[in-house]
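Proteins get letters first, then strands, A, B, ... in listed order; numbering begins at 1 in each. For clarity, every value in this text was computed on a predicted model and none was experimentally measured.
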Amino acid sequence: MLWSKTLIPTMKETPEGAEIPSHILMLRAGLISQVMAGAYTYLPLGYRALRKAENIVREEMDRAGAVELHMAALAPLSLYEQTNRVEAFGNVLIKTDLPRGGKKVPVVFCPTHEETITDIVSRYVSSYRQLPITLYQIQTKFRNEERPRFGVLRTSEFLMKDAYSFNPTLESLNASYDAMYAAYCKIFTRCGVPFLPVEAESGPIGGDASHEFMIPSQHGEDKVVHCVCGYAANTEKAEIGPQNIVKPAVEPKAMQEIATPGAHTVEQVCAFLKCKPHKLIKTLIYLVDGKAVAVLVRGDHDANENKVRKTLNAAKVELADPATIERVTGAPVGFAGPVSLKEKLPIIADHAVLGMANAITGANKAETHLLNVNLDRDFAVDKFVDIRNAAEGDPCPRCSETLKISNAIEGGHVFKLGTKYSEALGAKFLDTDETQKTIIMGCYGIGVNRILVGICETSFDDAGIIWPVAIAPYEVVISPIKATDEASMKLANDLCEQFENAGIDCVVDDRDQRPGVKFKDADLVGFPLRIVLGPKGLESGELEIKWRWEKDAKMIPLAGAVEKLVAELNDERKTGKRFRDAKK
RNA sequence: CGGGGCAUAGCUCAGCCUGGUUAGAGCGCCUGCUUUGGGAGCAGGAGGCCGGAGGUUCGAAUCCUCUUGCCCCGACCA
C-alpha cells in the first residue's frame, strides 16, 4: 500500500478535548475521528487494527469450540419486556419506533443479545443431544451512555464479541466457562494487552461464577483489588481478610450534642469539626427487601451493597429514600446515627466500627451531630460483619499480605448466567431421563475496541504509539528518504510487494516529504518495523531497519533481508516476545 | 441528571475584560523557487455567517438573554 493512496490524517497538535493518552494518540495518529460524543469513525488505520483484534478474538473463539453467527442489531421491544430488561436498562437502552404501514413498531438497538440468542435456541434446540453449544458473534452494540468519555473508551456504540453457552448441567456449564476463560487469556496475551482476571459479583449461581478481565491502566474507570499472592477481585466482590479488631481500651468521654448547621456529608462534618473522616461513624439506612436496616461503617470507608445483601440474605438492597430516612431517624438525610434511632430497626456494623472510641455520629436531629459516642454505652449493634469495600492496605483474604487497589479498564467479562433468560424465554430441552429441563446459560463478552484502547493506554512513548506486531495497522513501513528518486521508489515497491506476498502488511511512505516528517509520522502511528531507504544503504547494498520499541536503527544486508524479516515478524506476531520484553 | 469549562480558518490558538477601518498568528493546504537523514527556507495564494437565535447600540467576535454542541468532575453504567 502507498501512503499517498490511503487516508492517514496525523496531527502535530493534541486536539482540544482529548486528555488521556489513548484518546490523544488515537486521534493524533489518525486512527479515529469523532462523529459526536460517544460515536467515532474508525479511519483506515484504526479500522485495520480493530479488524486484527477482531480476527484474533474470532480465531480463539473458534479454537475454543464456539460457533459464530450474526444476529440482527435490532430487536422488538417486546422481547426485552419478556425479560424485564426495559426497566433494568433504563436510559441505556436505545429505543425507537419504526413506521410500518401506518402503525408504529417499537424496537430496540440491542445493547447485548441474551434475548435474541435465547429465543433462537429455544426454537431450534430441544434435545440434550444438541447440547452443550456455545454461539458467538462480533457486532456493534448500542448502549446510550449518559456521559460518554475518553474517546473510544466509553461510547454509545462499540464493537463487542458476545458469546453464549447453553448447557444441560452445571458441570457442563463449568466446562464451557473454563474454556472461555482460557480463550480470553490467550486473546489478551496475543493482542499484547496486559490483563488481570478478577473475581466479580456472581449473581444467582454463586461461587467463582464471574470474572472480569481488567486491563490495568491509570485512566481505567474501574477499580480492582489485588494482592501479590494472586488474589484479585473488583471492589464489589473483594473480600477483606481477618482484621482482629478489638474494642480499644480508651476511657469513654461524656457524650455531647453539637450543632453542625449545613454539614450533612462526611466531608462537610469533618471540615466543620476540624476532624478526620475515620473519627466518624457513617450511618446508612438501607431498604433491604423493603425493610429499613441501619448499616454502620467508618467515615473513611464505603459500604458495599452486595455484602449487605449477602449478609442479610436479601434479594434487593437499595439506599432508603429521604422520606423513609426521615421517618426512621427523625432527621433529614445526613444526620442519622446509631444512638436512639426513632424507630427500632436492625443495626449491622462493619468490623472497623468495633475499633472506634469517642466517635462522631449524626444525632438523628436536624443540623446536629454527637461527639464521644461509644459502643455498648451509647448504642448496640446486632452484628459485626465485613460490609464495606476493601481499601488499600486491608489484609488479603488469602494470605498475610495487604491488598492494593489499582485503576483498570474492563476489557472482558465471563459470567455464569444460570437460567434467568432460558426461564423467561422458555429455552428447555428433553434430557436423557425424558424430563424437560431448563437450559443453563453462560455469557462471555469482550469489548474489541477496548483492546485497542488498552494497547494505546499502556504502550506508547513521547513519540507515539508502540503497536504489538499482532495488532499493528501495518507491520512494516518503508520510508524512502527521497520519494522522487526512482531507484529508491523501485526498491521500496519491490520490498513492499515481497512483504505483501509473504502475508506481511506493509505501507510505503511515498510522500514527497522531508525525512523528518516521515520519521515523526512513523513513530506517531507506531509501526513495529521501519525500513529506511537512503543513500547510505543504497550504495552499500544494505537496509536500515528499526524496531519501534528499540532505540537505534541497524543496517542489515539487503540480500535475504526480506526472508529474515518476514520470519522475525511472523515469530513476533505469534509470541509478542520482543514487544513484551521491551516494555519491562 | 447536578457542578465547572470551552465554542473564532482543516488543526492548535490570540483578539473579547475596556464595542469602532477590511478579524489575526502558527501549523496544514495550493503555486513557484531553493532544500533534502528527525515535523526546512523564501515569495505568492486559497480558505471565516467569530456555534445558532434574539436583544442593547449609530455600530457587536467583543455587552445582555436564550439555545445548541463539545470537554472535565460527580451521579449512573444489565
With C1' as the reference atom in both, quote the distance from B/G39 to B/U18 in angstrom, rounded to an integer.
40 Å

Euclidean distance for C1', B/C50 against B/A9 (whole angstrom):
10 Å

What do you reckon, are the aromatic ring centroids of A/Tyr444 and A/Tyr136 less than 6.0 Å apart?
no

Can you tell me the base-pairing partner of B/C1? Count Watson-Crick or G-U wobble geometry only, both distances below 3.5 Å, and say none if there is no partner.
B/G74

Is there a Watson-Crick or G-U wobble partner for B/U31 with both distances under 3.5 Å, and which nucleotide is it?
B/A43

Quantified in whole Å, what is the P atom distance between nucleotide B/C33 and nucleotide B/G38?
25 Å

Expected output: side-chain A/Asn144 to main-chain A/Ile94 donor-acceptor under 3.5 Å:
no

Expressed in whole Å, how much space separates the C1' atoms belonging to B/G48 and B/G3?
34 Å

Within the structure shown, what part of the strands sits under 4.0 Å from A/Thr112 by heavy-atom distance: base, sugar-phosphate, or nothing?
nothing

Mark yes or no: A/Arg530 above the aromatic ring of A/Phe519, with NZ or CZ under 6.0 Å from the six-membered ring centre and no more than 45 degrees from the axis.
yes

Taking the side chain of A/Gln34 as its heavy atoms from C-beta onward, which of B/C71, B/G39, B/U36 lies nearest to it?
B/C71

Could you check how far CG of A/Asn407 sits from C1' of B/C73, rounded to whole Å?
15 Å

Which one, B/G38, B/C11, B/U36, comes nearest to the side chain of A/Lys482?
B/U36

By the Watson-Crick or G-U definition, both distances under 3.5 Å, B/G24 is matched with B/C13

Provide, to the nearest angstrom, the distance between the CE atom belonging to A/Met36 and the P atom belonging to B/C70.
6 Å

Distance, rounded to the nearest Å, where A/Leu533 contributes CG and B/G38 contributes P:
16 Å

Salt bridge or not for A/Glu221 and A/Arg149, using N-O below 4.0 Å?
yes

Closest approach to the side chain of A/Gln513, judged atom by atom: which nucleotide of B/C29, B/C6, B/C71 is it?
B/C29

Over all strands shown, is A/Asp523 touching base, sugar-phosphate only, or nothing at heavy-atom distances under 4.0 angstrom?
base

Note: for A/Asp512 and A/Glu221 on RNA chain B, the residue whose nearest nucleotide lies more 5' is A/Asp512

Using a heavy-atom cut-off of under 4.0 Å over every strand shown, decide if A/Tyr80 touches base, sugar-phosphate, or nothing.
nothing

Looking at B/C1, B/U36, B/C71, which one has an atom nearest to any side-chain atom of A/Pro515?
B/U36

Expressed in whole Å, how much space separates the C1' atoms belonging to B/C66 and B/C72?
24 Å

Length of the CG-P vector between A/Leu7 and B/G28, whole Å:
18 Å

Just checking A/Glu544: base, sugar-phosphate only, or nothing, at a heavy-atom cut-off of under 4.0 Å?
base

Identify which nucleotide among B/G38, B/U36, B/U12 has an atom closest to any side-chain atom of A/Glu13, counting heavy atoms from C-beta outward.
B/U12

For B/C6, give the paired nucleotide (Watson-Crick: N1-N3 plus N6-O4 or O6-N4; G-U: N1-O2 and O6-N3; both under 3.5 Å), or none.
B/G69

Would you indicate which nucleotide in B/A40, B/G37, B/C13 comes nearest to any side-chain atom of A/Val517?
B/A40

When the nearest nucleotide of RNA chain B is assigned to A/Phe89 and to A/Lys546 on a heavy-atom basis, which residue is associated with the more 5' position?
A/Lys546

As its Watson-Crick or G-U partner within any shown strand, both distances under 3.5 Å, B/U62 has none

For B/A60 versus B/U65, give the span between their C1' atoms, rounded off to a whole number of Å.
15 Å

Which nucleotide wins on minimum distance to the side chain of A/Ala37, given the candidates B/C70, B/C72, B/A40?
B/C70

In terms of side-chain heavy atoms of A/Arg147, which of B/C70, B/C72, B/G38 is nearest?
B/C72

CG on A/Asp552 to CD1 on A/Ile545, rounded to 0.5 Å:
12.0 Å

Of the candidates B/A40, B/U12, B/A75, the side chain of A/Glu146 sits closest to B/A75

If we call it a pair only when both distances are under 3.5 Å in a Watson-Crick or G-U wobble match, what pairs with B/G38?
none

Interatomic distance where CZ belongs to A/Arg149 and P belongs to B/C71 [whole Å]:
11 Å

Can the positive tip of A/Lys416 be found less than 6.0 Å from the middle of the six-membered ring of A/Tyr177, inside 45° of the ring normal?
yes

Give a yes or no on whether A/Gln268 atom CD has more than 12 heavy-atom contacts from other residues, nucleotides or ligands under 6.0 Å away.
yes

Using the C1' atom as the point on both nucleotides, what is the distance between B/C58 and B/G52, in whole Å?
26 Å

Out of B/G37, B/G38, B/C6, which nucleotide sits closest to the side chain of A/Val532?
B/G37

Counting C-beta onward and ignoring hydrogens, is there a side-chain heavy-atom pair between A/Leu69 and A/Ile117 closer than 4.5 Å?
yes

What's the CD-C1' distance between A/Glu16 and B/A14, to the nearest Å?
14 Å

Scan A/Pro535 against the nucleic acid and name what it touches under 4.0 Å (heavy atoms): base, sugar-phosphate only, or nothing.
base

Can you find a donor-acceptor N/O pair under 3.5 angstrom joining the side chain of A/Arg511 to the base of B/G39?
no

Determine the interatomic distance between C1' on B/A53 and the same-named atom on B/C11; round to the nearest Å.
28 Å

If I take atom CE in residue A/Met555 and atom C1' in nucleotide B/G37, what distance separates them, rounded to the nearest angstrom?
12 Å

Whole-Å distance between B/U12 P and A/Met11 CE?
8 Å

